[in-house]
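Data block below; observations after.
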Amino acid sequence: MTLTPAPEPVVPRPGPEIRPTAVGHRSPESPHGPDAGSYVGPGPDAGPGRDPDLGPDAGPAPLLPRAVCEAALTALLLFLIVTAVRWLVGPDPGAAAARPAVLGAVVGTLLALFMVSPPGRCSGGHLNPAVTLALWRLGVFPGREVVPYAVAQLAGSVFGVWCAGLVWGPVTGRPPVRHASVRADPAWGDAAVLAAEAGVLAGATLMLAVLLASPGGRRVLPYAVGLTTALVIGVLGPLSGGSANPARQFGPALLAGDTGRLWVYVLGPALGAVLGAWLAGRTGLRRPGLRRPAR
C-alpha cells in the first residue's frame, strides 16, 4: 500500500489591504475625476476648503463635533455682525445709508475665512440652514444630518447675538442697532421679501451645483460664496433686508422682539434652496460627480 503525503496548507499571500470606501467619497475606479463623489459634509472632505491631497479613504468625522463646529462658527459670525452694526451705526445713526456696503464686505470676508478655517473644514462651513438644505437636495450632504445642522446653526445664532449683548451692553438692543435684526423697506411687502429671499438662494444653489461639479470648483467656492454674500447685502440690504440666511435673522429677531416677518426670512431661503436644486437637476447642472449619499 502506497502512502500519499498530505498536501501542505495553502497560506494566503500578502496583498494590499482593501478598505471600504466612505459613503459619499470617490472609489479609486471612479470615472468622474478627482472630486467625484465627495460631498460637502462630514470630515476632511466636508467643505470647499478641504485639503485636496486627502485620499478617498479619509472617513467622515462624527456628527457631534461637526455640529458643534457649525454652532460655534455661526455664533462667532453673528457676534461679529452685531459688533460691526453696533460700531458702524450705533455711534452715528446717520451712517445707516453706508452700512449695507460695508457690512456686506465684512460678512463676505468672514464667511470666506470661516469656510477655509479648521472648524469650517471639519463641518463644511455651511453656517446657513438653507445652504445645508440645498446641499442635501443637490445630493452632496446626507439628509439625516440636515436637522441637526440646522438646529446647531440656529442655536449658534441666538448664542452669538446674546454674547454680543453681554459684551457691548444695552446699546445693542436699542435702535438703530436692534441686535442687527434686518428690516425690509416699508414699500416691500411680505410677498416681495419672500420672492427676493427665495431668488437669492435659488441662484446661490445653482452656483453651488456648478462649482461642486466642476474640476477645481471647491477651491474657489469659499471666495465665490463670500463675494455673492457681500453683493446680496450691499444691493438688497436697503430693500428686502438682504438676509438670505435663516440663521442670520433668527437670533437677532428673537432677541430684538422683531419676529413679525421672521417666517419670511426662514421660509424664503428654504424655498429657494429647494427650487435651485430642482432647477440644477432639470438643466443638467447637477452632473454625475454630484451623487446622493446614503440618507
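Interatomic distance, CG of Leu103 versus CD1 of Ile233, reported as 5.5 Å (0.5 Å rounding). With rounding to the nearest 0.5 angstrom, the NE2 atom of His179 is 14.5 Å from the CD1 atom of Ile81. Expressed to the nearest 0.5 Å, how far CD of Glu197 lies from OG of Ser240 amounts to 5.5 Å. Rounding to the nearest 0.5 Å gives a distance of 10.5 Å between CZ of Arg86 and CG of Leu88. For the atom pair CG (Leu201) and CG (Asn128), the distance works out to 6.0 Å, reported to the nearest 0.5 Å. From Asn245, atom CG reaches atom OG1 of Thr74 across 7.5 Å, with rounding to the nearest 0.5 Å.
Gly272 and Thr205 get closest at one heavy-atom pair: O-OG1, 4.2 Å. Closest approach of Pro176 and Val89 over heavy atoms only: CG-CG1, 3.3 Å. Heavy-atom minimum distance, Ala152 versus Ala67: CB-O, 3.4 Å. Of all non-hydrogen atoms in Pro119 and Cys69, the two that sit nearest each other are O-CB, 3.7 Å. Nearest approach of Ala224 to Thr228, heavy atoms of both residues: O-OG1, 2.8 Å. Closest of all the heavy-atom pairs between Ala280 and Leu138 is CB-CD2, 3.9 Å.
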- Please test Leu73 against Ser117 for side chain to side chain contact (heavy atoms under 4.5 Å, CB included), starting from the C-alpha separation and ending with a verdict. CA-CA 10 Å; Leu73 287 175; Ser117 68; 4.2 Å; yes
- Task: Determine, stepwise, if the pair Arg248 / Leu127 fulfils side chain to side chain contact (heavy atoms under 4.5 Å, CB included).
- Result: CA-CA 9 Å; Arg248 163 64 182 89; Leu127 283 72; over 6 Å; no
- Item | Stepwise side chain to side chain contact (heavy atoms under 4.5 Å, CB included) check, Val210 with Leu206 | CA-CA 6 Å; Val210 172; Leu206 291 173; 5.7 Å; no
- Item | Stepwise side chain to side chain contact (heavy atoms under 4.5 Å, CB included) check, Arg183 with Asp258 | CA-CA 9 Å; Arg183 285 190 176 182; Asp258 190 17; 3.1 Å; yes
- Task: Take Glu70 and Ser123 through the side-chain hydrogen bond (donor to acceptor under 3.5 Å, both in side chains) test and state the conclusion after the steps.
- Result: CA-CA 6 Å; Glu70 281 291 301; Ser123 70; 2.7 Å; yes
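Leu227 and Val107 fall into different hydrophobic clusters, where Ile, Leu, Val, Met, Phe, Trp and Tyr residues are linked whenever their side-chain heavy atoms come under 4.5 Å apart, directly or through other members. The cluster map of Ile, Leu, Val, Met, Phe, Trp and Tyr, joined by side-chain heavy atoms under 4.5 Å apart, puts Leu231 and Leu236 in different clusters. Hydrophobic cluster membership is shared by Val220 and Val140, with clusters built from Ile, Leu, Val, Met, Phe, Trp and Tyr side chains linked at under 4.5 angstrom. Residues Leu254 and Leu166 share a hydrophobic cluster, clusters being chains of Ile/Leu/Val/Met/Phe/Trp/Tyr side chains in contact below 4.5 Å. Val274 and Val264 are not part of a single hydrophobic cluster, where members link through side-chain heavy atoms under 4.5 Å apart.
The side-chain heavy atoms of Phe114 and Leu76, taken from C-beta on, include a pair separated by under 4.5 Å. Counting only heavy atoms from C-beta outward, the side chains of Pro129 and Leu154 approach each other to under 4.5 Å. Side-chain contact check for Trp168 versus Trp87: some heavy-atom pair is nearer than 4.5 Å. Side-chain contact between Phe79 and Val167 is present, with at least one heavy-atom pair separated by less than 4.5 Å. The shortest distance between side-chain heavy atoms of Asp190 and Trp263 falls below 4.5 Å. Between Leu212 and Leu135, the closest side-chain pair of non-hydrogen atoms falls below 4.5 Å. Looking at heavy atoms from C-beta onward, Val151 lies in side-chain contact with Val147 at the 4.5 angstrom threshold. Between His126 and Met115 there is no side-chain heavy-atom pair separated by less than 4.5 Å.
Using modelled atom types, one finds a donor on one side chain and an acceptor on the other under 3.5 Å when comparing Arg66 with Tyr149.
Only one option out of Val193, Leu194, Thr259 pairs with Tyr265 in a side chain to side chain contact (heavy atoms under 4.5 Å, CB included); it is Val193.
When the side chain to side chain contact (heavy atoms under 4.5 Å, CB included) test is applied to Ala253, the partners found at least two apart in sequence or on another chain are Ser181, Gln249, Leu262. Remark: Asp185 engages no residue in a salt bridge (charged side-chain N to carboxylate O under 4.0 Å, His left out) (not counting sequence neighbours).
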